[in-house]
Amino acid sequence: MEKLDKKIKVGILGATGSVGQKFVELLLNHPWFEISVLAASERSAGKKYKEATNWIMSTILPEQIGEMVVTNCTPDKLLTEAGEKPELLFSGLDASVAGEIETKLAEAGFKIVSNARNHRFDKYVPLMIPEVNPEHLELIKKQDTSGAIVTNPNCSTIGMVMALKPLHEKFEIETVNVSTMQAISGGGYPGVPGMDILDNVVPYIGSEEEKMETEPLKILGKFSEEGIVETSMNISAQCNRVPVIDGHMECIQIKFKEKPSKEEIINAWKEFKSEPQRMNLPSAPENPVHYFTEERFPQPKTHRNLEKGMAVSVGRLRECSIFDYKFVVLSHNTIRGAAGGTILVAELMKAKELL
Ligand code: NAP
């Protein structure tokens with residue numbers, strides 16, 4: 001891992017929300033990035049961060065961050081103490097406002113890596129999972145603003161695509177059927193009321209099924225100068241909210257063009273390494289996909305924090321009487337599926353000299 005003489009100054013948009021707080025937590029001791037601006041809505045602007053946010057992370061909020069004054073998400077306000085633009089903005093903005101705010105900031109010359117859905121399908125905006133499609137980052141050179149927008153996929157899409165990539169690359173997947181059991185932190189803070197989720201399962205998460213059925217096609221697509229040529233694959237998704245705090249679990253059935261053996265599938269997962277691992281990026285897990293042979297694994301409480309929440313756990317690979325195979329995937333929704341995944345994208349941008 002390259003050591004920097006001077007850290008890169010970054011800002012966080014939506015810093016008071018659940019993804020925003022995870023950004024703060026993960027960036028506190030980051031070897032390359034240094035938090036220099038915290039921004040949120042009018043409701044929070046002007047307040048000290050420790051007063052504007054209801055800190056729900058399990059680590060203690062450091063005094064110097066708690067004392068920082070939250071600012072608005074406008075180009076004139078997003079400046080470091082020295083009055084300069086941060087070199088990069090991480091966005092954990094609510095999707096109802098992220099689209100317009102991010103467009104304006106990119107036009108004003110800011111580089112943004114976003115968790116929000118709004119720009120994911122813009123022609124020249126890469127939809128990134130660094131281990132899956134590192135070459136797609138080149139798309140930002142085609143954006144016609146002085147800044148840039150790069151996006152992170154939906155949290156449940158990320159876990160699934162990490163497990164599908166090594167298989168699609170080698171054996172070509174034709175059809176995927178997925179049913180999810182998604183954690184309540186995926187709905188932001190305070191999220192679903194306790195009365196609705198305790199002793200219960202909610203069989204609906206707004207727009208989630210559409211995202212899981214469309215985003216993988218772009219992520220697994222081929223880079224071209226004219227944008228991404230989507231891969232062809234039929235995906236059907238059913239998404240459920242369950243009473244788990246962190247960690248999305250997904251039961252997946254797949255059909256291949258040519259059915260590989262069980263051993264070939266397990267080896268593809270075990271051998272899977274990509275640019276973040278070769279470049280030794282600070283947040284890259286050593287093994288992006290871990291396969292468990294124990295029948296009861298993976299489980300959210302036991303495995304969501306594997307490799308600091310950046311690795312995906314897979315288990316229960318077995319023959320399927322309708323498709324070819326079925327298996328279970330688990331990934332941490334606010335780390336690999338949001339803030340951690342986005343930070344890894346930024347590390348890849350830095351390593352590829354795109355910052
Ligand atoms: P959240 O807890 O509701 O936080 C939303 C943030 O947006 C807050 O900081 C809020 O600031 C800010 N905001 C709201 N209205 C604003 C406005 N008009 N101007 C500026 N800032 C405004 O949501 P979240 O769960 O962190 O999710 C953030 C984004 O990440 C969403 O787009 C979500 O879809 C995406 N995402 C979430 C997850 C997850 O697991 N949670 C995973 C992947 C992607 P105030 O506190 O000042 O209102």
Side-chain angles (χ1 to χ4, degrees), residues 11-26 37-57 68-75 77-78 89-105 112-120 127-129 149-161 180-192 205-208 210-212 215 239 241-242 244-250 300 304 309-310 330-345:
I12 302 171
L13 309 175
T16 51
S18 78
V19 171
Q21 291 185 23
K22 192 51 92 179
F23 274 126
V24 171
E25 188 180 49
L26 295 178
V37 182
L38 297 172
S41 76
E42 289 287 345
R43 295 179 286 279
S44 307
K47 293 183 187 160
K48 286 182 179 174
Y49 184 64
K50 65 182 182 191
E51 285 152 12
T53 194
N54 179 9
W55 185 253
I56 51 166
M57 300 294 108
M68 284 175 74
V69 175
V70 178
T71 184
N72 298 89
C73 299
T74 51
K77 294 285 183 348
L78 286 165
L89 297 175
F90 290 104
S91 171
L93 283 172
D94 191 88
S96 61
V97 294
E100 201 182 324
I101 292 176
E102 290 170 4
T103 301
K104 282 195 178 140
L105 291 172
I112 306 146
V113 196
S114 177
N115 273 284
R117 63 165 187 262
N118 312 63
H119 292 288
R120 287 179 185 156
L127 181 55
M128 295 297 306
I129 303 178
I149 300 176
V150 176
T151 55
N152 198 39
N154 172 47
C155 42
S156 45
T157 303
I158 294 180
M160 177 172 79
V161 174
T180 69
M181 287 157 271
Q182 298 184 217
I184 49 180
S185 62
Y189 184 81
V192 197
I205 304 176
S207 307
E208 198 79 355
E210 293 83 342
K211 290 179 200 164
M212 288 198 82
E215 292 181 9
C239 298
R241 189 74 76 199
V242 298
V244 164
I245 299 290
D246 289 317
H248 290 350
M249 188 120 128
E250 307 176 357
R304 61 189 165 207
M310 289 298 284
L330 173 87
S331 64
H332 198 302
N333 53 297
T334 62
I335 303 182
R336 174 46 93 159
T342 312
I343 292 170
L344 187 60
V345 173

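Nothing fancy with the numbering, it's 1 onward along the sequence. In listed order, ligands and their atoms are each counted from 1.
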TODO: Using the test salt bridge (Lys or Arg N to Asp or Glu O under 4.0 Å), find all partners of Lys104 that sit at least two apart in sequence or belong to another chain.
DONE: Glu100
Open item on the list: Tell me the protein heavy atom at minimum distance from atom 2 (O) of ligand 1, and give that distance in Å.
Closed with: Ser18 N, 2.9 Å
Open item on the list: Does any part of the side chain of Asp246, heavy atoms only, come nearer than 4.5 Å to the side chain of Thr334, both counted from C-beta?
Closed with: yes
TODO: Measure the distance from atom 8 (C) of ligand 1 to every protein heavy atom, then report the residue, atom name and distance (to 0.1 Å) of the closest one.
DONE: Thr16 OG1, 3.5 Å
Task: For Ala116, the ligand 1 atoms whose distance to one of its heavy atoms is below 4.0 Å - done: 32 (O)
- [ ] Mark up the atoms of ligand 1 that fall under 4.0 Å of a heavy atom belonging to Ile101, in ascending order.
- [x] 19 (N), 20 (C)
Open item on the list: I'd like to check which ligand 1 atoms, numbered from 1 as shown, lie under 4.0 Å from a non-hydrogen atom of Cys155.
Closed with: 42 (C), 43 (C)
Open item on the list: For Ser96, which part has a heavy atom under 4.0 Å from ligand 1: side chain, backbone, both, or neither?
Closed with: neither
Task: Non-hydrogen atoms of Ala52 and Lys47 that approach each other most closely - done: CB-CB, 4.0 Å
Task: Heavy-atom nearest option to atom 32 (O) of ligand 1, drawn from Asp94, Thr74, Leu93 - done: Leu93
- [ ] Check each atom of ligand 1 against the heavy atoms of Asn115 and keep those under 4.0 Å away; list them by number with element.
- [x] 30 (O), 35 (C), 44 (C)
Open item on the list: Looking at Glu25 and Lys22, is any side-chain nitrogen of the basic one under 4.0 Å from a carboxylate oxygen of the acidic one?
Closed with: yes
- [ ] Note the single closest protein heavy atom to atom 43 (C) of ligand 1, along with its residue, its atom name and the distance in Å.
- [x] Gly337 O, 3.4 Å
Task: Modelled atom types, side-chain donor and acceptor of Glu42 and Asn72, under 3.5 Å - done: yes
Task: Residue and atom name of the nearest protein heavy atom (relative to atom 6 (C) of ligand 1), distance in Å to one decimal - done: Gly92 O, 3.6 Å
Open item on the list: Using a 4.0 Å cutoff against the non-hydrogen atoms of Ser44, which atoms of ligand 1 qualify?
Closed with: 45 (P), 46 (O), 47 (O)
Open item on the list: As an exercise, identify every atom of ligand 1 less than 4.0 angstrom from a heavy atom of Ala338.
Closed with: 42 (C), 43 (C)
- [ ] For atom 41 (N) of ligand 1, find the nearest protein heavy atom and state the residue, atom name and distance (0.1 Å precision).
- [x] Ser185 O, 3.0 Å
- [ ] Among all protein heavy atoms, pick out the one at the shortest distance from atom 4 (O) of ligand 1; state its residue, atom name and that distance to 0.1 Å.
- [x] Gly17 CA, 3.2 Å
Task: Nearest-contact summary for atom 26 (O) of ligand 1 - protein heavy atom, Å - done: Val19 N, 2.8 Å
- [ ] Kindly state if atom 34 (O) of ligand 1 has a protein heavy atom within a strict 4.0 Å cut-off, that is, under 4.0 Å?
- [x] no
Open item on the list: Please report whether ligand 1 has a polar contact with Tyr189, defined as an N or O pair separated by less than 3.5 Å (distance criterion only).
Closed with: yes
TODO: Determine, step by step, whether Met128 and Asn152 satisfy the side chain to side chain contact (heavy atoms under 4.5 Å, CB included) criterion, reporting the C-alpha distance in whole Å, the side-chain angles of both residues, the deciding distance to 0.1 Å, and the verdict.
DONE: CA-CA 5 Å; Met128 295 297 306; Asn152 198 39; 5.7 Å; no
Open item on the list: Could you go through Glu250 and Thr180, starting from their C-alpha distance and side-chain angles, then the distance that decides it, and tell me whether this counts as side-chain hydrogen bond (donor to acceptor under 3.5 Å, both in side chains)?
Closed with: CA-CA 4 Å; Glu250 307 176 357; Thr180 69; over 6 Å; no
TODO: Taking atom types as modelled, find out whether Glu208 and Asn154 have a side-chain donor-acceptor pair closer than 3.5 angstrom.
DONE: yes
Task: Distance filter under 4.0 Å to Thr334 heavy atoms, resulting ligand 1 atoms - done: 40 (O)
Open item on the list: Can you report which non-hydrogen protein atom sits closest to atom 13 (N) of ligand 1, along with the distance?
Closed with: Ser41 CB, 4.1 Å
Task: Option with minimal heavy-atom separation from atom 18 (N) of ligand 1, where the choices are Thr157, Val97, Asn333 - done: Val97
Task: Thr16 versus Gln21, side-chain donor and acceptor atoms under 3.5 Å - done: no
